[in-house]
Amino acid sequence: MTDLTRLTAADLAEALTSGEVSAREATQAHLTRIAEVDPAIHAYLHVAADSALATADEVDAARAKGETLHQLAGVPIAVKDVMTTTGMPTTCGSKMLQGWIPPYDATVVRQIKAAGMPILGKTNMDEFAMGSSTEHSAYGATRNPWDLNRIPGGSGGGSSAVVASYQAPLATGTDTGGSIRQPAAVTGSVGVKPTYGGVSRYGLVALASSLDQAGPCARTVLDTALLHEVMGGHDPMDSTSIDAPVPSVVEAARRADVSGMKIGIVRELTGEGFQPGVQARFDEAVALLTEAGAEVVEVSCPNFQYALAAYYLILPSEASSNLAKFDAMRYGMRVVPEGDPSAEQVMAATRDAGFGDEVKRRIILGTYALSSGYYDAYYGSAQKVRRLISDDFAAAFARADVLVCPTAPTTAFAFGDKLDDPMAMYLNDIATIPANLAGVPGMSLPSGLADEDGLPAGLQILAPAMADERLYSVGAALEARLLDQWGGPLLDRAPALTKGA
Ligand code: GLN
């Protein structure tokens, strides 16, 4: 039998539906793969073998009875550890929540369970989703399957690494400034941040509520579309959830058509500052889109140069407020200093021990930006810049159906490279952050291997809010042409994988 871990979610779903493969076999194959490779990659913080197999058995029993099942029933999935899950820990990569088993499922998790998808476990991430490398996880970094000495991106490096190393065909992610798209780019996988409000945030441990958005991670554009349709939809439990049907992204991915579309290259997000190999693969991919019948135009978004500065005021402001709930009183860790400490001393000792350096840095930045006397100068100005960035998008989308640029300026960097220089780490998200500030959807897909280091580069596609399906038709059209050129999936060339990691 073919190795079930190598199948796409779409192919696995077909094999399950036809009865060729059972959900137990599919789940067991992935659990075996996890046992083989995850000690080297460290993408999972928790593996839920028993409950995954129990779900698989339920699916097999239901199928045997002839019940109508969801098309992804029996297809295993990994869940980012920022999403609450009953019966499994949710730590957010933080010591603060070590061992916490939530009393409820995030809406996204509930939808995954309702589809009958066995949850293999929870994936590693930068603490509270702050970072671009997973080096800020309190449980140790995840390694990039392409090169075990390099970062898998962040904050959702665990989710991208599991799909890139065939430890799950699908994984969930969250993207506040790029945490789905940048890890996808540096691991040679696909990741999508849907339109803000397109996927429920209920049960996601909040980083910055006005920017956070959950979305799918997979190895192909069609697979991300299949998962997007499971995750998406209106949720009355989330006040910013869009009350509209989920966009028809699967149909768009199957259509894979760009003929007659206008593709805008964002001038400010190409060229200078981008690694030559990343830029070269991007230019070639754009040429392929032209061959496929798209018209390419150049657009300018002059205010994008302020996106990073605005983001690093808005995000810490919202994060400092969201993280105030970790006060040692209600849940999470509690450290009680010697003697007869006051509540304030317990809080201080707990936060000192429970939060890592990056989290503390952002809480301090956020409280400062929100403090009286500084609020207008910092937070207020950042909100005005946010509006200008939305205006830039509106002007660009008046001229183009989608925008494209490289997803990240470089390929995966080495561990420790940017750890002592927060600004250098932040710069990795220069191309992904504008979409979060404006709420528009974005996808990253592999564009090829950079010449300098042989590591994957990512191409980003951005669409207007609520037009998520455009990402999928353009992405799938490009992916089909790239696969022809490569003669098979890019991931087949990952050296650490072929050696069995
Ligand atoms: N890397 C960005 C940050 O550190 C994005 C994080 C995210 O999207 N969760 O804030």
Side-chain angles (χ1 to χ4, degrees), residues 80-83 92-94 108 123-137 141-142 151-160 171-187 191-194 196 199 201 204-217 307-320 322-323 355-366 369 382 386 407-410 412-413 417-419 421-444 458 460 462:
K80 188 176 179 182
D81 207 27
V82 69
M83 296 174 171
C92 258
S94 180
V108 167
T123 58
N124 197 14
M125 54 184 283
D126 285 294
E127 184 175 10
F128 290 111
M130 299 179 190
S132 306
S133 69
T134 75
E135 290 169 291
H136 296 309
S137 167
T142 296
I151 60 103
S155 66
S159 283
S160 290
T172 64
T174 54
D175 191 311
T176 304
S179 285
I180 291 176
R181 290 163 288 157
Q182 180 259 9
V186 300
T187 57
V192 178
K193 180 200 96 70
Y196 181 79
V199 174
R201 287 185 297 108
L204 271 47
V205 181
L207 171 52
S209 311
S210 77
L211 303 163
D212 294 346
Q213 191 53 209
C217 311
L308 204 65
Y311 174 86
Y312 277 101
L313 287 167
I314 294 169
L315 177 134
S317 298
E318 292 189 22
S320 68
N322 277 325
L323 294 173
F355 288 141
D357 288 349
E358 183 62 22
V359 175
K360 286 177 185 155
R361 182 180 295 125
R362 296 199 195 190
I363 291 174
I364 293 168
L365 271 173
R386 192 171 187 177
T407 311
T410 66
F413 48 90
D417 252 17
K418 301 186 197 283
L419 205 51
D421 184 355
M423 270 310 287
M425 183 82 86
Y426 298 170
L427 273 168
N428 229 266
D429 300 319
I430 189 113
T432 46
I433 280 172
N436 300 81
L437 289 170
V440 305
M443 167 187 285
S444 178
Q460 178 174 229
L462 300 164

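Both counts, for ligands and for their atoms, begin at 1 and track the order of listing.
Below 3.5 Å of separation, one finds an N or O of Gly177 facing an N or O of ligand 1. The distance criterion of under 3.5 Å between nitrogen or oxygen atoms is met by Ala129 with respect to ligand 1. In terms of polar-atom proximity, defined here as any N/O pair under 3.5 Å, Ser179 does make such a contact with ligand 1. Taking only nitrogen or oxygen atoms, main chain and side chain alike, Gly154 does not reach within less than 3.5 Å of ligand 1. For ligand 1, the polar-atom distance check against Asp175 finds no nitrogen or oxygen pair separated by under 3.5 Å. For a threshold of 3.5 Å applied to N or O pairs, the pair formed by Gly131 and ligand 1 contains at least one separation below that value.
Between the side chain of Asp212 and the main chain of Leu207, a donor-acceptor pair closer than 3.5 Å is present. Checking side-chain atoms of Gln182 against main-chain N and O of Gly154 turns up a donor-acceptor pair under 3.5 Å.
The atoms of ligand 1 that sit less than 4.0 Å from any heavy atom of Leu207 are 9 (N). Short contacts between ligand 1 and Ser155, defined as distances under 4.0 Å to a heavy atom of the residue, involve ligand atoms 9 (N). Close approach of ligand 1 to Tyr312 (heavy-atom distance below 4.0 Å) involves ligand atoms 2 (C), 3 (C), 4 (O), 10 (O).
With a 4.0 Å cut-off on non-hydrogen atoms, Thr176 touches ligand 1 through its backbone as well as its side chain. Residue Arg362 touches ligand 1 through its side chain alone, judged by heavy-atom distances below 4.0 Å.
Tyr312 is listed as a side-chain neighbour of Arg362, based on a closest heavy-atom distance under 4.5 Å.
Inspection of the Ser133 and Lys418 side chains reveals no N or O donor paired with an N or O acceptor under 3.5 Å. Counted by atom type alone, Asp81 and Thr123 present zero donor-acceptor pairs between their side chains at under 3.5 Å. Side-chain contact annotation: Asp126 with Ser137, donor-acceptor N/O pair under 3.5 Å absent. A donor-acceptor contact closer than 3.5 angstrom links the side chains of Arg181 and Gln460.
Remark: distances from the non-hydrogen atoms of Tyr311 to ligand 1 include one below 4.0 Å.
Legend: residues meeting salt bridge (Lys or Arg N to Asp or Glu O under 4.0 Å) with Arg386, ordered by chain and number and at least two apart, are absent.
In this structure, atom 1 (N) of ligand 1 lies nearest to the protein heavy atom Asp429 OD2, 2.6 Å.
Remark: of the listed residues Lys80, Lys193, Gln213, Lys80 is the sole one forming a side chain to side chain donor-acceptor pair (under 3.5 Å) with Thr174.
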